[in-house]
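Here's the structure we're looking at; comments come further down.
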Amino acid sequence: MLNPKYNIDAGLPMAIQLIEAGLSFKFGGKVRGSQFAELRAFAAVVQHESFAQAAKHLSMSPSALSQTIRQLETRLGVRLLNRTTRSVAPTAIGQRLFDRLEPTMAELEAAVTEAVATTGRAAGVLRINTPQIAATSVIAPRLGRFHHTNPNVVLDITIDDGLSDIVAGRFDAGIRVGACLEKDMIAVRLTPDVEICVVASPAYLSLRGTPENPADLHHHDCINWRFPGAVGARRWEFRNGREYLEMSVGGPLVTSSQEVALEGALQGLGILYSYDNSRVFELLEEGRLVRVLIDWSPTFQGLFFYYSNRRNPTLALRAFIDCLLDTDF
């Protein structure tokens, strides 16, 4: 018999009604460990919008995760996810279940983190949103050191060269160029300001000539870059003393990948306006690229680690910041 204090809407499937009423329908009165694991797996799939990414986050195989979801759907008697070969999304019932589960999962994770924090040890999952350049040059070299000093912290790193909202995306923190920081964020500088390098291959310059000023670029092939999800390519900015120019250029390649853009420049497709100079300087020293328009190269703010000012940093977050700022490794 159902407790009469719960008002069950007859228009909803029974399983979801009982879940929303806070009852353990089909769970035998108490949610056992395996049943909690099913709910946690379902929440991870919805959060990551991918079985592969959710499986990686949960440290299990995609096939095992898929079986776990099927068990949960069988237990509840409802379909929770719509699956295609390219995407996964919650059904209407699945979305309602996730909306109820998410704050509970967050509270459980916070409770565990808080309990471990009393021991002075950092623990829990730390979700970081970062562009590729920061993941490669700042985070990757420090992975071993961070894990050895914080073995109970799981790093969940999402590579994102766009301008995602880390709060809406449920990230703990992010890394971004200073000029693109969101409002109301606490930011910590990670790298010095960066000077833009305009480069091309020797073969291209031998064939097409060397531009002497930005206006000459209208007579050259240029390799354009755009933020992921943006419609158009980013305009090129130039500064020479007090003179400032911003312009659109054309060419045979537009990409949201700095690696692809750099490869295009190496293969002689055109002139590249490089935001990521970590490898460019090596190629310049090797003579595989040549720098042009040096007097017009502007400087942009470097990389910053940032997080919302509406939450106190956890021990794990503070430990990660300390690791990123540590240059002695």
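- Contact between G302 and D193 at its shortest, heavy atoms only, is N-OD1, 3.2 Å.
- By the criterion of side-chain heavy atoms lying less than 4.5 angstrom apart, applied directly or through intervening Ile, Leu, Val, Met, Phe, Trp or Tyr residues, L269 is not grouped with W236; the two fall into different hydrophobic clusters.
- In the hydrophobic clustering of ILVMFWY residues, with side-chain heavy atoms under 4.5 Å counting as a link, I196 and V194 come out apart.
- Heavy atoms only, all atoms of each residue included: L253 and G264 are closest at CD2-CA, 4.3 Å.
- Atom CZ in R176 sits 11.5 Å away from atom CG in L303 (nearest 0.5 Å).
- Interatomic distance, L39 CG to R75 CZ, rounded to the nearest 0.5 Å: 9.0 Å.
- Linking ILVMFWY side-chain heavy atoms closer than 4.5 Å, directly or via other members, places L97 and F51 in a single hydrophobic cluster.
- Side-chain contact check for P211 versus I271: some heavy-atom pair is nearer than 4.5 Å.
- Annotation: salt bridge (charged side-chain N to carboxylate O under 4.0 Å, His left out) contacts involving residues 54-73, sequence neighbours excluded, comprise E73-R83.
- V199 and V249 fall into different hydrophobic clusters, where Ile, Leu, Val, Met, Phe, Trp and Tyr side chains are chained together by heavy-atom contacts under 4.5 Å.
- Residues forming a side chain to side chain contact (heavy atoms under 4.5 Å, CB included) with S50 (at least two apart in sequence, or on another chain): A52, Q53.
- Counting heavy atoms from C-beta on, the side chains of I139 and F305 never come closer than 4.5 Å.
- Residues forming a side chain to side chain contact (heavy atoms under 4.5 Å, CB included) with R40 (at least two apart in sequence, or on another chain): F36, L58, M105.
- Annotation for G174 and I166: closest pair N-CD1, 4.0 Å, computed over non-hydrogen atoms.
- For residues 122-168, the set of pairs meeting the ring pair (Phe, Tyr, Trp, His ring centres under 6.0 Å) definition, not counting sequence neighbours, comprises F146-F320.
- Taken to the nearest 0.5 Å, the CG atom of L190 stands 9.0 Å off from the CD1 atom of I321.
- With sequence neighbours left out, N213 forms a side-chain hydrogen bond (donor to acceptor under 3.5 Å, both in side chains) with no residue at all.
- Applying the 6.0 Å contact sphere to CD of Q95 captures more than 12 heavy atoms from other residues, nucleotides or ligands.
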Using the rule given for side chain to side chain contact (heavy atoms under 4.5 Å, CB included), can you reason through L217 versus L293, listing the C-alpha separation, both sets of side-chain angles and the distance that settles it, and then say yes or no? CA-CA 10 Å; L217 294 174; L293 300 176; 4.0 Å; yes
Side chain to side chain contact (heavy atoms under 4.5 Å, CB included) for N82 and V88? Distances and angles first, verdict last. CA-CA 6 Å; N82 289 321; V88 57; over 6 Å; no
Using the rule given for side chain to side chain contact (heavy atoms under 4.5 Å, CB included), can you reason through E237 versus F300, listing the C-alpha separation, both sets of side-chain angles and the distance that settles it, and then say yes or no? CA-CA 10 Å; E237 300 175 54; F300 289 99; 3.8 Å; yes
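- Evaluation of the salt bridge (charged side-chain N to carboxylate O under 4.0 Å, His left out) rule for D322 yields no partner, not counting sequence neighbours.
- Put simply, the side chain of R142 gets close to the backbone of V138: a donor and an acceptor are under 3.5 Å apart.
- With sequence neighbours left out, E246 forms a salt bridge (charged side-chain N to carboxylate O under 4.0 Å, His left out) with R235.
- Residues satisfying the side chain to side chain contact (heavy atoms under 4.5 Å, CB included) criterion with R279, sequence neighbours excluded, are L262, L266, E282, L283, R288.
- No side-chain donor-acceptor contact under 3.5 Å links D172 to the backbone of I128.
- Among residues at least two apart or in separate chains, side-chain hydrogen bond (donor to acceptor under 3.5 Å, both in side chains) pairs with a member in residues 195-210 are E195-R291, Y204-H220, R208-D221.
- Of all heavy-atom pairs spanning C197 and V280, the tightest one is CB-CG1, 4.3 Å.
- With hydrophobic clusters built from ILVMFWY side chains whose heavy atoms lie under 4.5 angstrom apart, L289 shares a cluster with V260.
- Every ring pair (Phe, Tyr, Trp, His ring centres under 6.0 Å) that F238 has, sequence neighbours left out, goes to Y273.
- Side chains of I175 and P131 form a contact here, defined as non-hydrogen atoms less than 4.5 Å apart.
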Q258/Q132 under side chain to side chain contact (heavy atoms under 4.5 Å, CB included): CA gap, chis, key distance, verdict: CA-CA 9 Å; Q258 285 288 302; Q132 182 67 58; over 6 Å; no
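- Shown here for G250 and N224, the closest heavy-atom pair between the two residues is CA-ND2, 4.1 Å.
- A64 pairs by the side chain to side chain contact (heavy atoms under 4.5 Å, CB included) definition with M60, S61, not counting sequence neighbours.
- Qualifying ring pair (Phe, Tyr, Trp, His ring centres under 6.0 Å) partners for W225, counting only residues two or more places apart in sequence or in other chains: F227, Y275.
- Pairing each heavy atom of R79 with each of T91, the nearest pair is O-OG1, 2.9 Å.
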